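Note that this is a predicted model, so its numbers are computed, not measured.
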Amino acid sequence: MGAQLRVYKRRIRSVTATKKITKAMEMIAASRIVKAQRQVAASTPYATELIRAVTAVATGSTTNHPLTTEAEAPARAAVLLITSDRGLAGGYSSNAIKAAEKLSERLRGEGKEVDTYIVGRKGVAYYGFRERKVSQSWTGFTDSPTYADAKQVAAPLIEAIQTETAEGGADELHIVFTEFVSMMTQTPVDNRMLPLSLEKAQDETSTKDHILPLFDFEPSAEDVLDALLPRYVESRIYNALLQSAASEHAARRRAMKSATDNAGELIKSLSRLANAARQAEITQEISEIVGGSSALADATAGSDK
């Protein structure tokens, strides 16, 4: 076997092994998307009803609370960025990071300091490589988050929003994640969780002929909002984690399918080149045999004379 043919066959074996891996990863991602979609569908109604409850309390009272009250001169904002722990998901993490960078630039343009909180190794690695300060980070659960993970992430953010800015707290809380639209579409979004915009919340939770009831608060509206604040932040973060997990699996499935298809095309191309090299090698061998036979015949004919 010629050297060139051996190179082609070695590359074909290598690409075939890679194709098996990418195909397996594609199937695994596809199997996880269904579960992630179900979790998103199950968590969204709870988050919507909680927002409606907060809106009802806020519109039915005159109390000032960090959950619904804008700071007179907001000076600091906390930004939570959700990325993935693993790669091979196309532009999933990079798109979320770009959205967070754009948001941070806008907030700094408004004169606010930005404290960054990150979920996922990809985001941590991005900021670590550039030696940027990260207030806190979490890893290890992005592909299958639980409510306990959401509570863990929410705890320092709730503490920051309840702390005075002069003492290291935050006036605003933003979250950047990838919204799962469909199997083919996942969109990075940035939402302001706190203070809650009542007009926007009413638009998001409004239904036809829906009228908010009147409430009496016991012991007070402020105590009710204090109790709702952690539940609201935790539910929003949990829903964002689930949306991001579904988006990650969909992006990885799409990326692995593309890699599998490309590997198949490369194998076909290498096979054609290997066949051509083999054909050239056979042709050369035949030419050498014919040439040798002719030379032997000429030599025999010369000796007979």
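Note: the hydrophobic cluster containing L194 also contains I82 (ILVMFWY, side chain heavy atoms under 4.5 Å, direct or indirect links).
Ion pairing of E164 with R76 is absent here, as no side-chain N (NZ or NE/NH1/NH2) approaches a carboxylate O to less than 4.0 Å.
Scored by the side chain to side chain donor-acceptor pair (under 3.5 Å) test, D143 finds no partners at all (sequence neighbours excluded). Looking at residues two or more places apart in sequence or on another chain, you find a side chain to side chain donor-acceptor pair (under 3.5 Å) between E234 and Y147.
Just one of L81, L103, L80 meets the side chain to side chain contact (heavy atoms under 4.5 Å, CB included) condition when paired with D190; it is L103.
Here the side chain of R231 pairs no donor or acceptor atom with the backbone of A227 at under 3.5 angstrom. Looking only at distances, a side-chain donor or acceptor of T83 sits under 3.5 Å from a matching main-chain atom of V119. S43 contributes a side-chain N or O that, together with a main-chain N or O of V40, makes up a donor-acceptor pair within less than 3.5 Å. Judged purely by atom type and a 3.5 angstrom limit, D85 uses its side chain to pair as donor or acceptor with the backbone of T142.
Both tests do not hold together for R6 against Y8: distance to the six-membered ring centre under 6.0 Å, angle to the ring axis within 45°.
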Test log, rule side-chain contact (heavy atoms from CB on, under 4.5 Å), inputs R254 and Q186 | CA-CA 11 Å; R254 189 168 61 252; Q186 300 85 43; 3.1 Å; yes
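For the pair M183/R253, a side-chain contact is recorded, criterion being any heavy-atom separation below 4.5 Å from C-beta on. Taking the side chain as every heavy atom from C-beta outward, T163 and I161 never approach each other to under 4.5 Å.
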Report, one line per pair, each donor and acceptor closer than 3.5 Å where one atom sits in a side chain of residues 150-159; sequence neighbours left out.
none

